[in-house]
Number of protein chains: 4
Amino acid sequence: MNSRSICNEFLHLKRTDLREAILEAAQQLLVREGYGSLTMRHIAQRAGCSVGSLYLYFERKEGLLFALLDRAQERLAERFFAPEIQSITDPRQRLQALARAYVDFGLTHPEAYEVLFMLHPRELASYPEERLEQAYRLLDPIVEAIDTYVQQHQLEMPDVRVAAVAFWSALHGIVSLLLAGRLARLRLEVDRDALIEQAIRQAMGGLCQRMRPKNNRTA
Amino acid sequence: MNSRSICNEFLHLKRTDLREAILEAAQQLLVREGYGSLTMRHIAQRAGCSVGSLYLYFERKEGLLFALLDRAQERLAERFFAPEIQSITDPRQRLQALARAYVDFGLTHPEAYEVLFMLHPRELASYPEERLEQAYRLLDPIVEAIDTYVQQHQLEMPDVRVAAVAFWSALHGIVSLLLAGRLARLRLEVDRDALIEQAIRQAMGGLCQRMRPKNNRTA
Amino acid sequence: MNSRSICNEFLHLKRTDLREAILEAAQQLLVREGYGSLTMRHIAQRAGCSVGSLYLYFERKEGLLFALLDRAQERLAERFFAPEIQSITDPRQRLQALARAYVDFGLTHPEAYEVLFMLHPRELASYPEERLEQAYRLLDPIVEAIDTYVQQHQLEMPDVRVAAVAFWSALHGIVSLLLAGRLARLRLEVDRDALIEQAIRQAMGGLCQRMRPKNNRTA
Amino acid sequence: MNSRSICNEFLHLKRTDLREAILEAAQQLLVREGYGSLTMRHIAQRAGCSVGSLYLYFERKEGLLFALLDRAQERLAERFFAPEIQSITDPRQRLQALARAYVDFGLTHPEAYEVLFMLHPRELASYPEERLEQAYRLLDPIVEAIDTYVQQHQLEMPDVRVAAVAFWSALHGIVSLLLAGRLARLRLEVDRDALIEQAIRQAMGGLCQRMRPKNNRTA
DNA sequence: GATGAATGAGCGTTCATTCAT
DNA sequence: AATGAATGAACGCTCATTCAT
């Protein structure tokens, strides 16, 4: 072990700090200025380091984005597996809690959400397959909750995973529209929270519509 | 007579059609390569003309994007106001037809949908206000259909516009996830059409969940 | 003589008019927007014709500039050889009248002056030698007036042509500084006309300073 | 170690000197090829660096021009405040020395002169006001010298500042005509230096012409 | 005679990336 | 570990000029 290694160990905390600072800077820039303004120059400037330093921690810009994705995944996972939610036994309430957690996560961590679900896959073409699949495994809690819910209420449902994806897509719809600011111009009479609550209500309501199929389908 | 003229004759392309060719090229590029690759050089190359020619038909890149938006609006409007849908009298069936038309529009005209609903508003900052509001007025048929549906079925619903937006956001969710290719890796057991059908079913089912609110909300 | 020639004769006036309109447009643009903004597009737009039409009357942009030069020469010549000036017999008064005419010409026809004396020779590199020399022959009236003046007052003067050039350069100095707007910031207490009058006075005064060389040179 | 490093070592050029090399290149281009050819690409090529490197030292092209102006100002100031001139006590001789210094400065530093006094103000529209006024304050030594001269010789002169501007404009006239090469074709019998000397003589002679106004003005 | 569509070259500028120090 | 100087390629855009009609 030469002096450089020693130095590295000694500086270990600082090293990690700069890496984090870079990721934070990139995240902030992404959500504030948009992907088009997410340049290495700006990241370095906001992180308070030189451009070259970025390449000490990330091989290329793409790798930096991948790291952002990893972070975002972790944060969403923390939400989904939090004791507050896991301790809810009633499947409907747990599903509702998960839905709220998802939307809340998207709105309070727009940068993470944007990276996770709104960045075009093109930009992440070479994101390792395994890490990407891991991302979508975040849906498992929703699948499980729906499964339990369906079984308990004896609902008819051909494929619970399909229902879960449809449920998730409804949540993604409201989050992405809100994040993109597309609902601002609609001049709704209700505030944002009421809209969200209604969207969640409808998403959950959609899960049990199969109970009375006869009256509705051909009415 | 140079090679271009020959080519043009061969392709039966009048020069006036170059404007359309440019828009087509831009649309294809946008959906295939992403906004980041939507450069004037690429558009010109794909349209088979020089960069300068783009500026004969569009004042700036922004104007070209705006024209794309206008086209997309027209196409969606054609779908929504088609006789096949307008002739449906049953409000539920008409709503379902609108939902299917919306999703189908998004999937068969991904470039239009992407421009309309997935491009970041930042890129369209100077899109004329009136034309943008006109775009969102495309949602009116959905609002009306839901309104009729709710009244006919005597459903409780605090604000039909909010419900319509939530309904729309569910549709947008499934379309945007499909377009972004985010559902490809989930290895669902059903095909794409079944997933869409289920998503629409849940979105519609969500509209009538308020009929039995007491047992579910606080159970 | 075919029908085309007949047509040409018939339209002869119109043709000449367009040529004049182009030159006028170019002149106005040159003085209002500067050489950097003197583009064929702008000229055509202001002249109310198409870009291609410019090339019917001028082989290239350079040729158009040359024509501007020719016009400017003619205008200055008209001033210098006007009866009002030619009829002045007193050499000093004629010289003064010429000086005033020169400065007035520069200030009232800035576009012509700019083309004649302020455009960088680089831009006129291929201006035909003969036409350029003809331009500088415009100085002849000044030379003659000074010559008569010197002889009449029996002034000592080694080379009257050199004196004339120096005299002219003083006039050019004040005109070019005024045209370029460089004197605007000096916040002089006098108005423009007084400054011009003083400049002319000094230029003329400089011609007779050799009369009393002893007291001045070594004082 | 690539070829550039070798070249740099060979030329004993430190990297910090690149800024100077860029300014030198720009100066040469400006005077040799004209403002129209003063492009960032040409500057980079002549300076032996890439285009991007220009932007390491100057925020924009305009900033590069401003730096040129600053340099030119300094050089002229050095001339005017040189001990050789400041030590001259006789006001007439000092004025003559200043005039010679001015003309000599213009002819030996044509690039500086062109930037300072011949570039169209349009190109320098956003040059900071203070720095521009500082440029024109360079004329102060001339004003002072004339003032002293006038007082000592008890000349009549309504406004010494106006006289100074007229004096300066005479100098500017000869310098700008020489720099623009407009006098080359006149085929004068005297050489350039004699012409300059005569122009200065006339400019100075003009300052004392008010001594005998009565006989001349209305004759 | 007149047009307008078209182009290739070039403009100022910014980008992700490299590398000697 | 960290830097900052440097670059080639690409960006959106404008130019003078050509040419079939």
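Within every chain, numbering begins at 1; the chains are lettered A, B, ... in the order of the sequence lines, protein sequences first and strands thereafter.
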request  = Calculate, to the nearest 0.5 Å, the distance between atoms CG and CD belonging to D/L68 and D/E24 respectively.
outcome  = 9.0 Å
message = Distance check needed: F/dA6 P versus D/D17 CG, whole Å only.
response = 10 Å
query = Just how far is it from atom CG of D/L64 to atom CZ of D/R19, taken to the nearest 0.5 Å?
reply = 8.0 Å
message = Expected output is a numbered-order residue list: members of residues 43-55 of chain A with a heavy atom under 4.0 Å from any atom of DNA chain E. What is it?
response = A/V51, A/Y55
ask   = What residues, two or more places apart in sequence or in another chain, satisfy ring pair (Phe, Tyr, Trp, His ring centres under 6.0 Å) together with D/Y127?
value = D/F66
Any donor-acceptor N or O pair under 3.5 Å, side chains C/Q27, C/R71 = yes
query = Near DNA chain E, under 4.0 Å by heavy atom, which residues of residues 27-41 of chain D?
reply = D/L38, D/T39, D/M40, D/R41
Donor-acceptor contacts, no H, no angles, side chain residues 40-52 of chain C, under 3.5 Å, sequence neighbours left out:
residue, atom, partner, partner atom, Å
C/H42, ND1, C/S37, O, 3.1
C/H42, ND1, C/T39, OG1, 3.4
C/R46, NH1, C/Q28, OE1, 3.0
C/S50, OG, C/S53, N, 3.3
C/S50, OG, C/S53, OG, 3.0

request  = Using only side-chain N and O atoms of D/Y57, determine if any of them is under 4.0 Å from OP1 or OP2 of F/dA6.
outcome  = yes
key: Nucleic acid contacts of residues 59-67 of chain C, taken as heavy-atom distances under 4.0 Å to DNA chain F   = C/R60, C/K61
ask   = Is C/L56 close to C/L18 at the side-chain level, that is, under 4.5 Å between some pair of heavy atoms?
value = no
inquiry  = Rounding to an integer number of Å, can you tell me how far A/L56 CG sits from F/dG4 P?
reply    = 13 Å
query = Reading DNA chain F 5' to 3', how would its secondary structure be written in dot-bracket notation, given Watson-Crick and G-U pairs with both distances under 3.5 Å, brackets [ ] for crossing pairs and | for partners on other strands?
reply = .||||||||||||||||||||
